[in-house]
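First up is the structure itself, then whatever we jot down about it.
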Amino acid sequence: MIDVRLLGPALGSWLAAFVLVSTTGGAALGTAVLMVGLAAGTMRRRALRDALALTLVAAACTAAVVGVHLPAQEGGVVAGAAARGDPVHVVGRLRADPAVATSPWGAATARVRLHVTEVTAGPFASAVHQGVSVGVLVRGAGAWGDLTYASVVRASGTLVALPAGGAERYELRGASPPVVVEASPYSLADAMRAGLVAAVADRSAAARGLVPGVAVGDTSALPDDVADAMRATGLTHLTAVSGAHVAIIAGVLLGVGAVLRLPRSARALLVAMVLAGFVLLVRPDPSVQRAAVMGGVALLGLVLGRPAASVAALSTAVVVLVLLDPWLARSYGFVLSVVATGAILLATPPAVRWLAQVVPRALAYAVVVPAVAQLACAPVLILLEPVLTPYAVLANVLVAPAVVPATIGGVLAAVVSPWCLPAAQVLAWPAAVATEWMASVATTLAAAPGAQIAWVPGAGGAVLLAGATLVGIAVVRWCVAPVPEASGT
């Protein structure tokens, strides 16, 4: 039996965050009070007490968190400086590595996300200094593209308000070159990432781009033709480190612990320590955060000797992460990660039982897992790019055997590289071979007829595709349904 009791609180928390981050602090706090009142009312009704009350409480907590965060963006020196166009000096920490894009004429521009904690605004003689907590977007050239995750920088420019609802509430226009105030505290992780790039420097262009991409999410060296082919065949998730990577590493560690006959608590501690380091190595983006929190809940169940409850762990992860960062509710990466994982957990068991009636069970699993994830994510992906990728399931099935060696080999090579590059090169060899196979599959299928089919854009296209998918599943299931055996007389 699948425990779905926490699905309601997860959805309630997610919906509250999604709606309220684009409102005001007062509206969010008012919603929190309303949700608490409704929850208290449902407690008097026995049938609704457990499910609905818990959902309302989760939504109320999320609304309260949003209500606390929003006022920092609504007033004070930041909003005033943006409204007047005053020059400002800001100090902030990078929330992610710079995203560098190159224009057709060769100019490179970096998109940098800052969590600004200090702002000084106004003319020199009357400048106002204030501690704040607000997301700021910077688009700059030159040194902006050389910054590293979590470093603290100082820059000047003018603030322009962005549409409400995004994690970055303002953009710093006309930004000066950044001055690094504090280096990234993850210098060892940066050295490992750079070492992995050096370990595959003598491999093919595909391996040089894909090994760091698959292992630690670094796609800076990924060739454009390979990136386009992976996009056309539904393989881009391989370079977006997510729950699959965390599951692979945790599975290998638990297997090693079982072989060494370590106690259950020691195995859980080993996995927790390695996963904490892995999260820092690959950068804590939304999908990695979700996978790490879900893994932590699952590890707690392991220590307590409780049976695995993956759906409950996923639901807990959603609530915890949305409470920590309500703007995740609008992140495509977070949405795709949760949707794919939830679909696999809920739909894989019945789909495998059904398909195993006509094909071997191992083959059923190999087909069902990527098919379920792809079908569930397709309506969301339509919102990003209105095209269908008919070969996505086939591509994922073909590259599945290469994912484990690419991930484990790449991570081990990264960990060893700062101390012994030749050893890292040896460890990276199976990862390079595996990623070359991935690139071959992607480029071959991307060149096949009908690799991408245009679809209706926007929300209408997403709803239409979701409906078509459900109808298609029903038709296929009816066509492949086993014929009942005739009873003897």
Side-chain angles (χ1 to χ4, degrees), residues 5-43 51-76 78-79 92-93 95-96 113-119 130-137 150 161-170 279 284-294 296-297 300 312-335 337-339 342:
R5 289 175 294 179
L6 293 179
L7 277 180
L11 292 173
S13 184
W14 195 341
L15 181 61
F18 186 89
V19 173
L20 294 174
V21 293
S22 61
T23 61
T24 64
L29 291 175
T31 301
V33 173
L34 176 61
M35 293 295 104
V36 170
L38 292 175
T42 60
M43 292 294 288
L52 185 54
L54 192 58
T55 298
L56 291 171
V57 168
C61 291
T62 304
V65 169
V66 175
V68 170
H69 279 294
L70 284 179
Q73 302 180 352
E74 295 172 353
V78 177
R93 187 181 297 274
R95 303 180 63 179
R113 300 170 57 210
L114 291 178
H115 176 226
V116 171
T117 54
E118 296 179 28
V119 172
Q130 182 178 7
V132 297
S133 178
V134 62
V136 173
L137 176 67
L162 296 175
E168 283 72 47
R169 187 65 184 86
Y170 299 92
V279 168
D285 66 13
S287 60
V288 176
Q289 292 177 31
R290 189 272 312 158
V293 173
M294 183 176 174
V297 175
L300 180 61
L314 176 62
S315 301
T316 303
V318 170
V319 174
V320 170
L321 290 171
V322 169
L323 286 174
L324 291 175
D325 184 359
W327 282 267
L328 281 178
R330 293 194 171 198
S331 163
Y332 274 108
F334 184 73
V335 172
S337 177
V338 176
V339 168

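We're numbering straight along the sequence, starting at 1.
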**Prompt:** Just by modelled atom types, is the Ala58 backbone N or O under 3.5 Å from a matching donor or acceptor in the Thr62 side chain?
**Reply:**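 Confirmed, Thr62 side chain pairs with Ala58 backbone.
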
So how far is it from [X] [atom1] to [Y] [atom2], rounded to the nearest 0.5 Å?
{"X": "Leu70", "Y": "Thr24", "atom1": "CG", "atom2": "OG1", "value": "7.0 Å"}
{"X": "Ser331", "Y": "Asp325", "atom1": "OG", "atom2": "CG", "value": "9.0 Å"}
{"X": "Leu38", "Y": "Leu34", "atom1": "CG", "atom2": "CG", "value": "4.5 Å"}
{"X": "Leu162", "Y": "Leu137", "atom1": "CG", "atom2": "CG", "value": "6.5 Å"}
{"X": "Ser13", "Y": "Leu6", "atom1": "OG", "atom2": "CG", "value": "11.5 Å"}
{"X": "Trp327", "Y": "Phe18", "atom1": "CH2", "atom2": "CZ", "value": "14.0 Å"}

Could you check if a side-chain atom of [X] sits within less than 4.5 angstrom of a side-chain atom of [Y], using non-hydrogen atoms only?
{"X": "Leu20", "Y": "Thr31", "result": "yes"}
{"X": "Ser22", "Y": "Arg330", "result": "yes"}
{"X": "Trp14", "Y": "Val335", "result": "yes"}
{"X": "Val136", "Y": "Glu168", "result": "no"}

**Request:** Please test Ser133 against Thr117 for side-chain contact (heavy atoms from CB on, under 4.5 Å), starting from the C-alpha separation and ending with a verdict.
**Result:** CA-CA 5 Å; Ser133 178; Thr117 54; 5.9 Å; no

**Asked** Tell me the ring pair (Phe, Tyr, Trp, His ring centres under 6.0 Å) pairs involving residues 19-41, sequence neighbours left out?
**Response**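 Output for this query is empty, none listed.
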
For residues [X] and [Y], report the shortest heavy-atom separation together with the two atoms involved.
{"X": "Gly25", "Y": "Pro71", "answer": "CA-CD, 4.2 Å"}
{"X": "Val66", "Y": "Ala28", "answer": "CG1-CB, 3.9 Å"}
{"X": "Ala16", "Y": "Ala59", "answer": "CB-O, 3.8 Å"}
{"X": "Ala32", "Y": "Ala60", "answer": "CB-O, 3.5 Å"}
{"X": "Pro326", "Y": "Val65", "answer": "CG-CG1, 3.8 Å"}
{"X": "Arg95", "Y": "Gly135", "answer": "NH1-CA, 4.4 Å"}

**Message:** Applying salt bridge (Lys or Arg N to Asp or Glu O under 4.0 Å) as the test, list every pair that has at least one member in residues 10-20; sequence neighbours left out.
**Reply:**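 Counting only pairs at least two positions apart or across chains, no salt bridge (Lys or Arg N to Asp or Glu O under 4.0 Å) contact touches residues 10-20.
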
**Request:** Before giving the answer on side-chain contact (heavy atoms from CB on, under 4.5 Å), spell out for Phe334 and Val322 the whole-Å C-alpha distance, their side-chain angles and the decisive distance to 0.1 Å.
**Result:** CA-CA 10 Å; Phe334 184 73; Val322 169; 4.3 Å; yes

**Asked** Between Val318, Val319, Val320, which is the residue that forms a side chain to side chain contact (heavy atoms under 4.5 Å, CB included) with Thr316?
**Response**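 Exactly one pass, corresponding to Val320.
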
**Prompt:** Partners of Arg93 by salt bridge (Lys or Arg N to Asp or Glu O under 4.0 Å), sequence neighbours excluded?
**Reply:**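 Scan of Arg93 (salt bridge (Lys or Arg N to Asp or Glu O under 4.0 Å), adjacent residues dropped) gives Glu182.
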
